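Heads up: the structure comes next, in structure tokens.
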2 protein chains.
Amino acid sequence: MPTISDVARITGLSKSTVSRVINNHPYISSQKREKVLKAMEEIGYYPNPSARRLRGHTSNTIGVIVPRIVNPFFSYLVNSIEQEAFKNNYQVIIFQSNDLKDKELYFLNLLKNRQVDGIIMTSIENDWETIEPYMQYGPVLLCNEYVNQSSVSKVRLDQKKGAYMGTEHLINKGHQKIAYCTGGLFAGYGRDFDRNTGYQKAMDKHQLTPNPNWIFIQRHSIEDGKKVVKEILSMNDKPTAIFSGSDEVAAGIIIEAKENGLKIPDDLAVIGFDDQPLAEIVDPKLTTIKQPIDEMGIKSVELLIQMMNSKDSMVEEVQLPIQLIEREST
Amino acid sequence: MPTISDVARITGLSKSTVSRVINNHPYISSQKREKVLKAMEEIGYYPNPSARRLRGHTSNTIGVIVPRIVNPFFSYLVNSIEQEAFKNNYQVIIFQSNDLKDKELYFLNLLKNRQVDGIIMTSIENDWETIEPYMQYGPVLLCNEYVNQSSVSKVRLDQKKGAYMGTEHLINKGHQKIAYCTGGLFAGYGRDFDRNTGYQKAMDKHQLTPNPNWIFIQRHSIEDGKKVVKEILSMNDKPTAIFSGSDEVAAGIIIEAKENGLKIPDDLAVIGFDDQPLAEIVDPKLTTIKQPIDEMGIKSVELLIQMMNSKDSMVEEVQLPIQLIEREST
DNA sequence: TCCTTTTATGAAATCAGTTTCATACTCATT
DNA sequence: AATGAGTATGAAACTGATTTCATAAAAGGA
């Protein structure tokens, strides 16, 4: 495997000169530059990233932490991040935290060791106090998930408005008994909190009070959605509509509801969140809140690259719009 | 950020001794080992992977090349690979080739530079002649996609049998006019070729000859599936069943067929391939050929680790069984 | 007791690059 | 002609680890 010394030997120049050619330094005669380039091409030389990293600090690699890559929301987000990064000559390393604190911390450590130049976190498992110290080693950007902290850059969506729009849409369709189904718990900040707030606000505005039984937390999968329907069927006071924080749960609800002879949207209206591909696959097709995943990925990479290039630590917050897509389930 | 020299200074020992503790070398007094461990813990020292790598150590990283991470088949495969690798203390880097030859080559180069200890390829873009030379730099394993080459390890499925089973299932249901829809072209080897062979074999056995118009190639997405239905509707001689090489295309077929008033499976039977989550979401639910994705990922990691540890290059081939899941679309 | 083997440690070389420092040459300006 | 700025290049130091080589003490065997 050829090294920079081989190139130097072949061209009769020093390693320094070869290195300068590689890194596009000024003050190299074009004649020698040609010579080096040609030799590099000839012997198939490719600089060793470990060596560059060790000395030169930048690895041209950014890390992305996702909870689960099989979740289409995240795989689409990662895809958009990867595309944009590649355009800018950055490599992406994808880390799956599986909602595990230890794994998340392990990945953040790679920032410390300059394995990655920066990190995009699309989920947060540890307390902010635990994560914050890592920011001294390199830029960290929160994408999608976020915390109430002004010291960190964020690219996020107007979740509150999204939930508000969705809930109000159901109200406008004549519903009063609206269930609410979320992936998270009831923390005092972050994505899910904002959604809760949006839902509450819409309900309050129309003087509606939901039955506490209609609030479902920590529902993530299609299976979870099916279970929600079973629970609802056993209630005396049943909701006529459900706002779900995830398209997958919404899909599960639709499938199980049909199985039990319920007509959608007449007997039960369902609205999802994300606009995943499956929203157009379920029958009836799912009304949902579309998150601009691609824009979010692109913006995150743009911002992170800016952060990596700026000497002093900059903090910026970007909020992207969100949109209701009406289909057949409401 | 602390280095090994810091640990050496604090403990009053040499870098060599500290390094030996880190790497569990013999001949270290337990008293000094304790001292080093304690100091490392105290200052939050974590060895710099670039430096280790440079010196010719393994990086404990394996690379996985996928064409598209948004394709659920690959995201599930990557997920299983990642889980198994993490268990074995390996990190996974995911590369998206986007079906681009250049990108694939770029990733293979990382093997050359010891960025990764081994590579799992789940798709192949370049000719085998182009890829083969990279195998001298480290183990390469073909997972899912493969070539007719005995010099490389493979973990693959019995695609031929899968296609045969699917086609025969349709024949047993009374169909004679069976269309065939594949993602690939008609190459003379590999995954898609085996499937074609399986389809042909089943048709031949029952003395059936498909109309050449019923063969659709290079169909990947839900949209592609919808288009297939449109094409079929404009034919005089229409097939009564379709074997699709992908659940997504099959889903598109079902959606568009229903849109046009066709009853499934009565007017058109559809069978997919993969058993992706959407197979249970479409209505009617999709009959499909289940690929044991998790087993495939686990087996691939197991085998690759074996290859990385064995001094002489070993070549092994694993073939996993495949299974028909009958649902409502046939 | 002497010699060999085992145990334990450190100095220095090494990995493949980048960067600093030193140097020399070419012009332009005073 | 002397000075200074700009251009072009190489030698050597440096990045943070691992490994080889050298050495010394302790243990075991004759």
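Worth saying up front: this structure is predicted, and the values here are computed from it rather than measured. Order of the sequence lines fixes the chain letters, A, B, ..., with proteins taken first and strands second; residue numbering starts at 1 for each chain.
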Nearest-Å distance for atom pair CZ/C1', residues Arg9(B) and dG16(D)
14 Å

Looking at Glu84(A) and Lys87(A), does any basic side-chain N land under 4.0 Å from a carboxylate oxygen?
yes

Salt-bridge contact Lys154(A)-Glu316(A) (side-chain N to carboxylate O under 4.0 Å):
no

Closer than 3.5 angstrom, by distance alone: can the side chain of Asn48(B) be matched with the main-chain N or O of Ser50(B) as a donor-acceptor pair?
yes

Could you work out which one of dG17(C), dG16(D), dT9(C) sits closest to the side chain of Ser29(B)?
dT9(C)

Nucleotide dT19(C), atom C1' - distance to CZ of Arg55(A) in whole Å
5 Å

Sugar-phosphate only, base, or nothing, as touched by Lys32(B) at under 4.0 Å among non-hydrogen atoms:
sugar-phosphate

What do you reckon, is CG of Asn88(A) surrounded by more than 12 foreign heavy atoms closer than 6.0 Å?
yes

Which one, dG10(D), dG16(D), dG10(C), comes nearest to the side chain of Ser16(A)?
dG10(D)

5'-most contact on DNA chain D: Arg20(B) or Pro49(B), nearest heavy atom basis?
Pro49(B)

Side-chain (Asn60(A)) to main-chain (Tyr90(A)) donor-acceptor, under 3.5 angstrom:
no

Per Ile4(A) side chain, nearest of listed nucleotides dG17(C), dG16(D), dG10(C)
dG17(C)

Closest listed nucleotide, where the reference is the side chain of Tyr27(A) and the choices are dA17(D), dG6(D), dA11(D):
dG6(D)

Touch class at under 4.0 angstrom, heavy-atom based, for Thr3(A) against every strand present:
sugar-phosphate

Atom of Leu304(B), atom of Gly118(B) and distance for their closest heavy-atom approach
CD2-C, 4.0 Å

Atom CG of Leu13(A) and atom P of dA11(D): how far apart are they, to the nearest Å?
11 Å

Of the options dT9(C), dG16(D), dT9(D), whose atoms approach the side-chain atoms of Ile28(B) most closely?
dT9(C)

Angle by which the axis turns from one end of the helix from dT1(C)-dA30(D) to dT30(C)-dA1(D) to the other, five pairs per end, to 10 degrees:
50°

Can you measure Asn48(A) atom CG to dT14(C) atom P for me and round it to whole angstrom units?
18 Å

Would Glu302(B) and Lys299(B) pass as an ion pair if we require N to O under 4.0 Å?
yes

Any N or O donor-acceptor pair under 3.5 Å from the base of dT14(C) to the side chain of Arg53(B)?
no

To the nearest angstrom, the CG-P distance between Asn24(B) and dT18(D) comes to 12 Å

Is a donor-acceptor pair below 3.5 Å formed from side chain Arg52(B) to base dT19(D), judging by atom type as modelled?
no

With sugar-phosphate meaning primed atoms plus P, OP1 and OP2, does Ser19(B) contact a base, only sugar-phosphate, or nothing at under 4.0 Å between heavy atoms?
base

On DNA chain D, does the nearest nucleotide to Tyr45(B) precede the nearest nucleotide to Pro26(A) from the 5' side, or the other way round? Give the residue.
Pro26(A)

Tell me: CE of Met1(B) to C1' of dA17(D), nearest whole Å?
14 Å

Check whether the side chain of Ser50(B) and the base of dA17(D) form a donor-acceptor pair under 3.5 Å.
no

Using atom OH of Tyr46(B) as one end and atom C1' of dA17(D) as the other, report the distance to the nearest whole Å.
14 Å

Rounded distance (Å) that lies between atom C1' of dT19(D) and atom CG of Asn23(B):
10 Å

Distance test, side-chain N/O of Ser14(A) to OP1/OP2 of dT9(D), below 4.0 Å
no

Test your reading of the model: is there a side-chain donor-acceptor pair from Thr122(B) to the backbone of Ile65(B), 3.5 Å cut-off?
yes

So, does the side chain of Lys15(A) form a donor-acceptor pair with the base of dG10(D) at under 3.5 Å?
no

Polar pair under 3.5 Å, donor/acceptor by atom type, side chain Ser5(B), base dA17(D)
no

Can Glu125(B) and Lys103(B) be counted as an ion pair, charged N to O under 4.0 angstrom?
no

